[in-house]
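Since the structure is predicted, the reported quantities are computational estimates derived from the model, not experimental observations.
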Amino acid sequence: MAIFTGAGVALITPMKSDGSVNYDKLEELVEFQVENGTDAIIVCGTTGESSTLTEEEHVSCIRFVNDVTKKRIPVIAGTGSNCTESAVYLSKEAQKCGVDGLLLVTPYYNKATQNGLKAHYKTIAASVDVPILLYNVPSRTSVTIQPKTVVELCREVPNIVGVKDATGDLSEVAQILSMADGEMDVYSGNDDQIVPVLSLGGKGVISVLSNILPQETHDMAVSYLNGDIEKSRELQLRYFELIKALFCEVNPIPVKKAMNLMGMEVGSLRLPLTDMEEANTKTLAAAMKKVGIQLK
């Protein structure tokens with residue numbers, strides 16, 4: 001059984017003016033997501049600036065989000081690292097917090113071989129009992145989990161159940177699903193490919209767009225899963241320009257800017273990420289207005 005189907009939000013981490021985590025705002029964001037149809041919350045992923053959170057902050061955010069969510073929808077914790085030992089620690093702590101699943105990004109910088117990736121993931125999986133999604137995002141990590149490796153891990157390790165595919169390569173998604181023959185779950189890691197991935201047999205999306213349009217992103221995914229392909233397609237195309245604007249600078253710079261433009265006051269980013277350039281901000285604001293989002 002899939003951890004979730006539909007649209008799960010890759011939740012941002014709000015910051016105070018001094019750069020610390022804003023837990024009051026984080027609670028507001030969780031409630032906003034639950035109330036507006038999000039199907040799962042993914043905390044401390046790439047969009048949550050996990051790479052610049054301390055381990056203490058990382059675990060604290062996971063525990064806080066899980067406690068606020070109160071099992072109303074699944075919570076999936078990003079616990080990946082380029083250090084296997086660190087990923088094991090974070091995964092164990094997340095399990096103690098009571099999360100419903102883990103999202104494990106490929107180990108960045110090390111550039112592990114496929115055998116290294118298998119050893120890395122098997123070591124983490126053996127340390128916990130919760131379901132695990134692999135996270136394949138070579139544009140950020142400089143390493144790709146090959147389709148054969150993805151499928152082998154899902155077949156050989158009981159609690160590795162699927163993959164968030166952010167390769168942008170639909171042929172790779174098709175290859176994985178063809179090889180897996182229904183034995184694993186695939187989620188789109190790109191908001192501009194929600195409908196295409198669903199059409200190949202995907203279970204949903206782990207979404208940046210959901211931070212600002214949770215109901216609409218949910219509707220895009222669930223309409224397809226319920227057989228209303230035309231509505232799903234229409235929503236994918238309606239928000240295509242906005243999705244592109246949300247990635248005109250590296251994530252999560254644009255989505256945090258978008259949320260602040262909406263008056264959500266989620267704060268700034270942690271270095272080395274910096275505020276959005278003025279020209280790109282204008283492009284983003286125009287794309288938001290075009291789909292009817294009110295700016296403050």
Side-chain angles (χ1 to χ4, degrees), residues 2-4 7-13 40-53 58 61-62 74-84 86-88 90-91 94-95 99-112 114 116-125 127-128 130-154 157 159-170 172-173 176-177 180 184-191 193-194 197 202-210 247 250-252 255:
I3 302 173
F4 77 97
V9 62
L11 194 67
I12 65 105
T13 301
I41 292 180
I42 294 79
V43 58
C44 292
T46 303
T47 311
E49 298 179 75
S50 58
S51 59
T52 48
L53 296 175
H58 200 130
C61 285
I62 292 169
V75 172
I76 299 170
T79 55
S81 172
N82 68 327
C83 170
T84 305
S86 295
V88 166
L90 290 173
S91 298
Q95 178 169 287
V99 299
D100 300 280
L102 305 176
L103 180 68
L104 295 174
V105 69
T106 48
Y108 38 88
Y109 190 78
N110 310 66
K111 299 187 79 170
Q114 296 302 298
L117 291 173
K118 289 184 76 171
H120 172 79
Y121 283 120
K122 285 183 175 182
T123 299
I124 301 166
S127 73
V128 293
V130 291
I132 289 169
L133 296 176
L134 310 176
Y135 179 15
N136 201 10
V137 57
S139 65
R140 298 192 79 125
T141 65
S142 295
V143 63
T144 300
I145 321 175
Q146 297 298 332
K148 181 174 180 289
T149 304
V150 171
V151 175
E152 286 177 350
L153 280 167
C154 289
V157 184
N159 58 329
I160 296 180
V161 299
V163 63
K164 173 187 175 182
D165 190 287
T167 62
D169 187 342
L170 291 173
E172 185 163 302
V173 173
I176 289 170
L177 286 164
M184 60 172 286
D185 301 324
V186 175
Y187 297 88
S188 174
N190 297 307
D191 285 307
Q193 295 183 338
I194 298 173
V197 170
K203 292 295 175 67
V205 60
I206 294 177
S207 169
V208 173
L209 179 65
S210 287
F247 290 90
V250 70
N251 179 47
V255 71

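Two residues are said to be in side-chain contact when any heavy atoms from C-beta on lie closer than 4.5 Å; Pro74 and Ile41 fail this criterion. Using a 4.5 Å cut-off on side-chain heavy atoms (C-beta onward), Asn159 and Val130 make no contact. Using a 4.5 Å heavy-atom threshold, the side chains of Val143 and Leu117 count as touching. Between Leu133 and Val161, the closest side-chain pair of non-hydrogen atoms falls below 4.5 Å. At least one side-chain heavy atom of Asn251 sits under 4.5 Å from a side-chain heavy atom of Arg140. Side-chain atoms of Val99 and Leu102, non-hydrogen and from C-beta on, do get closer than 4.5 Å to each other. In this structure the side chain of Lys122 never reaches within 4.5 angstrom of the side chain of Ile124, judged on heavy atoms. The side-chain heavy atoms of Val9 and Ile206, taken from C-beta on, include no pair separated by under 4.5 Å.
Side chain to side chain, Ser188 and Gln193 fail the donor-acceptor criterion of an N or O pair below 3.5 Å. Thr167 and Asn136 form no side-chain donor-acceptor contact under 3.5 Å, judged by distance and modelled atom types alone. No hydrogens or angles considered: nothing links the side chains of Thr84 and Thr123 as a donor-acceptor pair under 3.5 Å.
Across Asp191 and Ile194, no two heavy atoms sit closer than the pair O-CG1, 3.4 Å. Listed here is the closest heavy atom pair of Ser210 and Ala7: OG-CB, 4.1 Å. When all heavy atoms of Ser91 and Thr79 are compared, the closest pair comes out as OG-OG1, 2.9 Å. The heavy-atom pair separating Pro131 from Asp100 by the smallest distance is CD-O, 3.4 Å. Between Ile62 and Ala77 the shortest heavy-atom distance is CD1-CB, 3.7 Å. In plain terms, the two heavy atoms of Ile3 and Gly101 that are nearest each other are CD1-CA, 4.3 Å.
His58 contributes no side-chain N or O that, together with a main-chain N or O of Thr52, makes up a donor-acceptor pair within less than 3.5 Å. Ser50 places a side-chain N or O within donor-acceptor distance of the main-chain N or O of Gly45, the cut-off being under 3.5 Å. A donor-acceptor pair under 3.5 Å links the side-chain atoms of Thr13 to the main chain of Gly48, judged by distance alone. For Gln114 (side chain) and Ile145 (main-chain N/O), no donor-acceptor pair under 3.5 Å exists by modelled atom type. In this structure, the side chain of Asn110 does not engage the main chain of Ala112 through any donor-acceptor pair within 3.5 Å. Side chain of Thr144 to backbone of Gln146: no donor-acceptor contact under 3.5 angstrom is found.
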Could you go through the side-chain contact (heavy atoms from CB on, under 4.5 Å) check for Val105 and Val137 one step at a time? CA-CA 7 Å; Val105 69; Val137 57; 3.7 Å; yes

Given the rule in the side-chain contact (heavy atoms from CB on, under 4.5 Å) test, do Val205 and Tyr187 qualify, once you have shown the distances and angles that lead to the verdict? CA-CA 5 Å; Val205 60; Tyr187 297 88; 6.0 Å; no

Show your reasoning for whether side-chain contact (heavy atoms from CB on, under 4.5 Å) applies to Met184 and Val186. CA-CA 7 Å; Met184 60 172 286; Val186 175; 4.1 Å; yes

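Rounded to the nearest 0.5 Å, atoms OH (Tyr109) and SG (Cys83) are 14.5 Å apart. Within the model, atoms CG of Asn82 and OG of Ser142 stand 11.5 Å from one another, a figure rounded to the nearest 0.5 Å. Distance CD1/Ile76 to CG/Leu104: 11.0 Å, rounded to 0.5 Å. Separating the SG atom in Cys154 from the CD1 atom in Ile132 is a distance of 10.0 Å, to the nearest 0.5 Å. For the atom pair Asp165 CG and Asn190 CG, the distance stands at 7.5 Å (nearest 0.5 Å). Taken from OH in Tyr121 to CG in Leu134, the straight-line distance is 5.5 Å, to the nearest 0.5 Å.
Judged by the 6.0 Å and 45° rule, Lys164 forms a cation-pi pair with Tyr135.
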